Enquirer: 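Before anything else, here's the structure in question.
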Amino acid sequence: MLHPEDPIKPVIQNCAGFEIQVFLQTLAMIHAIETINNSTLLSGVTLGYEIYDTCAEVTKAMASALRFLSKFNSSEDAVEFKCNYSNYIPRIKAVIGASYSEVSMAVSRLLALQLIPQEVILTFNATTGAIVSPASSAEILSDKIRFPSFFRTIPSDFHQTRAMTHLICESGWNWIGVIATDDDNGRFALESFGVQAMANNVCIAFKEMLPAYLSDSTFHTKVDHAIEKIVKETRVNVIVVFMRQFHVLKLFKKAIERNVNKIWIASDNWSAAVKISTIPNIRRLGTIVGFGFKSGDMSSFQNFLRNLHEKPTKNNKFLREYIMLLSVCANLEYHDFQTCISNQSQDDLLEDVENKHQIWRDDFLNANIEPGFIQSNILAVYAIAHAIKGQCKNRNCTDPSAFTPWELLEELKKVVFIDDDKEVKFDSNGDMSTSYDVLLWKEIDGHMAITTMAEYDAEKGDFIFEDEEKKKDFLDLKKVQSTCSQHCRPGQMKKVTESPHTCCYECVYCPENHYSNQTDMDYCYRCNNKTYWAPINSTTCYKKTIYFLTWTDWFAVFLLLLSAFGVVLVLSICVIFTKNLNTPVVKASGGLTVCYIILFSHFLIFLSTIFFIDVPTEFKCKTRQAVFGISFTLCISCILMKSLKILLAFSFDPKLQNFLKCMYKPIPTVATCTGIQVIICTFWLIFRTPFVTQNFSIPRAIILECNEGSIVAFGIMLGYIAALAFICFIFAFKGRKLPENYNEAKFITFGMLIYFIAWIVFIPVYATTFGKYLPAVEIIVVLISNYGILCCTFLPKCYIIIYKQETNTKSAFLKMVYTYSSKSAGSVTVSQVSLDSKSSSFRAPISDSCKTDKNSVNGNCQFQVPGQPLIKGKVLPKNAARKRVSSI
């Protein structure tokens, strides 16, 4: 870092302090170059190097980069201005560095003038060369339009931020804080992380940016503000840190003072920083998890460090400075020794380095190795070496001008080599798609150790664990909660609150017929309303119960018993009528054939009720209405003929008799009336046939029922029966005053009235009833109407047959008919005369006049009422009564 000077002058600033990590990365590059020079990789070619300290500052790095661009073998460090640098030979071929993305961006833009290759660890620099960086991870550097000569031996921040987001999601966190350095690297990393977090429903509760330079007057104020923010946000227990190591040191020391205990997610910049892990009381900060670059075998480099004190220091200013620092800080404890090394200025260094072997601490450098950075530096050197090898296949590379940097740049794009049994190459963006080590800081024997918990495969996006113990360490992270709101349990869903963050929400129950089977669901799934249902706060859908009027249902059993009783009643009546076949009552009922037809119709009507019960099928739906409609029509048609016959038998109006005789055609009439109903049902079954349907009107049930297919056809069928019943009712009503013991018309009238009342009530009840008991409504009305007609038609006759046998004789029947006929004839010939109250006492008995009057001749009689003209009448002969009986 730069040493702050006041006032600022246009001179190159001096660096303050000694950065161990930069020193180790420099040594790694030297070690790799020496290894290559001592190998056969580049036969006849020896690699050289120049090392410049950028102090992590852009201006100083640019000054060094300008020196790289000066012409080869020129006595002056001057850059020639040219319109075409294709044949220009600068003093270097490639550049390795720098560690910070902000510096690499500036240097890469300058080196792009001559397309000098640059890598985060290894940079090719020539008039059109490449820069290879081992540590600059900013995602923007993958843009080959703006940074055409930049390469790096590490992945871009895109993969790192995606890995961080993956870790956060796997641990169940969604409410986190971010602290970053206010420089290009910090801003780009924060931007990339923000995009990844948003895509994975992770919310950033706060963002704090710390000044890039420790010398900034506001630095400590902003550190304090960041700590206050962390303390204030009690629900934030996970902090992501994109900062340089010096900034992390300052932040953590303040956090330890305030007893802040969180989970800290470290970026690759400081995840393996030993100088941070050795801060006193670092364990009080909580858990530190970080992502570091994949490391390799460090044994060769560690041996190099052990023998470093034997290396000459004449041409290595950094090694010489380090040895001086050892002399100053030799007697200090480990952490104090490290602090002393980092903070010591050059003015305080000892000039005498004679005793460097005595003060050498060969464990210190090995303990401070960050394997990921060391590995990426070594890969950068080897990548350039293989590119040079490719250029030197057909050239004499002993001449430095044998190839230009831009030619080396093109070769570098094609480089492929093997390292630790793995293929190493650059992708189209100039990046190496290596994996990450997931590092966990664990306290072991009282010291904070940086351990590898898992490996993150950047290509697959998966965490790979070596054993169950490390996987358990990973899973233990879930014990810490860092959410804006409590997790919504299955059966609940998120309801966004007034907060601008989607991670802040309320948990509400899933409404009815909705469910959620996972935690933190944004919405509840809807059940298939036709076949499934769900209560409020449900985690699954339940299959709806299928309902229909079953055989075991108590109400169905009751209705079946009524139907069975009706069948028994029909059979009993058949037996009674069969045994009393020749009695007047049976004959007056139309004979056994007519009775059997009517009783058979009643039997079929009772039988049709079973088609309304149990699982509806296509056959049942089609059969039940047809059987009922045709059977009822047959029954009503026969009763209609009986009513017509009775009316004809006892009618004394000649005109009415002639009309009734024309209509009275029993067989054709019954066949026609029934046939019309058959036609109606046939058309109904062909064109709009009933079918089984599912009724979903009940929320948690499916009602299996018969859809009549056509309400119109159903109405026509019932209307036709009603029309026949009405005609029957009219005829029966006219014959209601027949002989009392044989007045069948009166009972037919009552039966028809029962039918009408039942079906009139049925219409509104049927229209307003739903559910499995809907068929029961129709069964009830069928039974009521059937029982009403059956009982009114046959029970009075059965009563006479069984209990009034004295009236069920021919003589008794003739006497009643004769009496009725006599009264009926008198009512035809005698006019009803209205008399006032004064003459009512002079009325003479008609029967006595007819018996005593001598004027009565051949059945004729004359009636004389005082004050009125003579009235003549005619008495029916006895054989007329016999004719009426025979007609009945």
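What you see is a predicted model, and the numbers here were worked out from it, not measured in a lab. Worth knowing before you read on, the calculation uses all heavy atoms, side chains too, and leaves out hydrogens, waters and symmetry mates.
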Enquirer: Ring pair (Phe, Tyr, Trp, His ring centres under 6.0 Å) between Tyr52 and Phe68: does it pass, once the steps are laid out?
Expert: CA-CA 10 Å; Tyr52 294 89; Phe68 295 156; 5.3 Å; yes
Enquirer: For a side chain to side chain contact (heavy atoms under 4.5 Å, CB included) check, start with the C-alpha distance between Glu321 and Phe23, then their side-chain angles and the critical distance, and finish with the verdict.
Expert: CA-CA 10 Å; Glu321 184 177 345; Phe23 177 58; over 6 Å; no
Enquirer: Taking side-chain contact (heavy atoms from CB on, under 4.5 Å) as the criterion, tell me which of Ile265, Ile168, Asp157 meets it with Phe193.
Expert: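 Going through the options one by one, the only one that passes is Ile168.
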Enquirer: Around atom CD of Glu466, are there more than 12 heavy atoms of other residues, nucleotides or ligands at under 6.0 Å?
Expert: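 Counting other residues, nucleotides and ligands, CD of Glu466 stays at 12 neighbours or fewer.
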Enquirer: So, taking the atom named CE in Met243 and the one named CG in Asp183, what distance separates them when rounded to the nearest 0.5 Å?
Expert: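 Output value for this atom pair is 11.0 Å.
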Enquirer: Apply salt bridge (Lys or Arg N to Asp or Glu O under 4.0 Å) to the pair Lys60 and Asp53, showing each step before the final yes or no.
Expert: CA-CA 8 Å; Lys60 193 168 180 62; Asp53 190 357; over 6 Å; no
Enquirer: Determine, stepwise, if the pair Tyr456 / His159 fulfils ring pair (Phe, Tyr, Trp, His ring centres under 6.0 Å).
Expert: CA-CA 10 Å; Tyr456 179 77; His159 298 290; 8.5 Å; no
Enquirer: Could you check Ser101 against Leu141 for side chain to side chain contact (heavy atoms under 4.5 Å, CB included), going step by step and ending with a plain yes or no?
Expert: CA-CA 8 Å; Ser101 297; Leu141 289 169; 4.3 Å; yes
Enquirer: Identify the residue among Leu439, Ile450, Asp437, Leu440 that makes a side-chain contact (heavy atoms from CB on, under 4.5 Å) with Ser271.
Expert: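 Among the candidates, only Leu439 passes.
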Enquirer: Are Arg146 and Asp143 side-chain neighbours, meaning at least one heavy-atom pair lies under 4.5 Å?
Expert: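 Counting from C-beta outward, Arg146 and Asp143 do come under 4.5 Å.
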Enquirer: Check the surroundings of atom NZ in Lys425: do more than 12 heavy atoms from other residues, nucleotides or ligands lie under 6.0 Å from it?
Expert: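 Counting neighbours around NZ of Lys425, 12 or fewer heavy atoms of other residues, nucleotides or ligands fall under 6.0 Å, so no.
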Enquirer: Please report the C-alpha distance between Glu50 and Arg91 in whole Å, then the side-chain angles of each, then the deciding distance to 0.1 Å, and finally whether the salt bridge (Lys or Arg N to Asp or Glu O under 4.0 Å) criterion is met.
Expert: CA-CA 10 Å; Glu50 292 183 11; Arg91 59 183 298 155; 2.7 Å; yes
Enquirer: Could you please spell out the steps behind the side-chain hydrogen bond (donor to acceptor under 3.5 Å, both in side chains) verdict for Ser192 and Glu139?
Expert: CA-CA 8 Å; Ser192 177; Glu139 188 176 348; 2.9 Å; yes
Enquirer: Which of these, Val415, Asp419, Val424, Thr35, sits in a side-chain contact (heavy atoms from CB on, under 4.5 Å) with Tyr382?
Expert: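 With Tyr382 as partner, side-chain contact (heavy atoms from CB on, under 4.5 Å) holds for just one option, Thr35.
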Enquirer: Can you see whether Phe426 has Lys144 sitting over its ring - NZ or CZ less than 6.0 Å from the centre and within 45° of the normal?
Expert: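 Not flagged: Lys144 not positioned over aromatic ring of Phe426.
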Enquirer: Less than 4.5 Å apart, any side-chain heavy atom of Phe150 and any of Ser136?
Expert: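 Contact flag for Phe150/Ser136 side chains = yes.
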Enquirer: Could you walk me through whether Lys275 and Glu370 pass salt bridge (Lys or Arg N to Asp or Glu O under 4.0 Å), step by step?
Expert: CA-CA 11 Å; Lys275 66 180 178 183; Glu370 295 183 17; over 6 Å; no
Enquirer: For the side-chain contact (heavy atoms from CB on, under 4.5 Å) test, which of Leu308, Ile51, Ile30, Ile323 pairs with Asn316?
Expert: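 Only match with Asn316 under side-chain contact (heavy atoms from CB on, under 4.5 Å): Ile30.
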Enquirer: Take Glu407 and Lys93, measure what salt bridge (Lys or Arg N to Asp or Glu O under 4.0 Å) needs, and give me the verdict at the end.
Expert: CA-CA 10 Å; Glu407 291 176 311; Lys93 299 291 186 183; over 6 Å; no
Enquirer: Are the side chains of Phe219 and Lys250 in touch, meaning some heavy atoms are under 4.5 Å apart?
Expert: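 The answer is yes, as the side chains (C-beta and beyond) meet within the 4.5 Å cut-off.
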Enquirer: Ignoring hydrogens and geometry beyond distance, is a side-chain donor-acceptor pair present between Asp268 and Gln160 at under 3.5 Å?
Expert: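 Yes - a donor-acceptor pair under 3.5 Å links their side chains.
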Enquirer: Can you find a heavy atom in the side chain of Phe291 that is under 4.5 Å from one in the side chain of Val438?
Expert: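 Side chain of Phe291 against side chain of Val438, heavy atoms only: contact under 4.5 Å found.
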Enquirer: Apply side chain to side chain contact (heavy atoms under 4.5 Å, CB included) to Gln375 and Met298, showing your working.
Expert: CA-CA 8 Å; Gln375 177 70 9; Met298 294 289 107; 3.6 Å; yes
Enquirer: Does one side chain, of Ser142 or Arg152, offer a donor that lies under 3.5 Å from an acceptor on the other?
Expert: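 Yes, a side-chain donor-acceptor pair sits under 3.5 Å.
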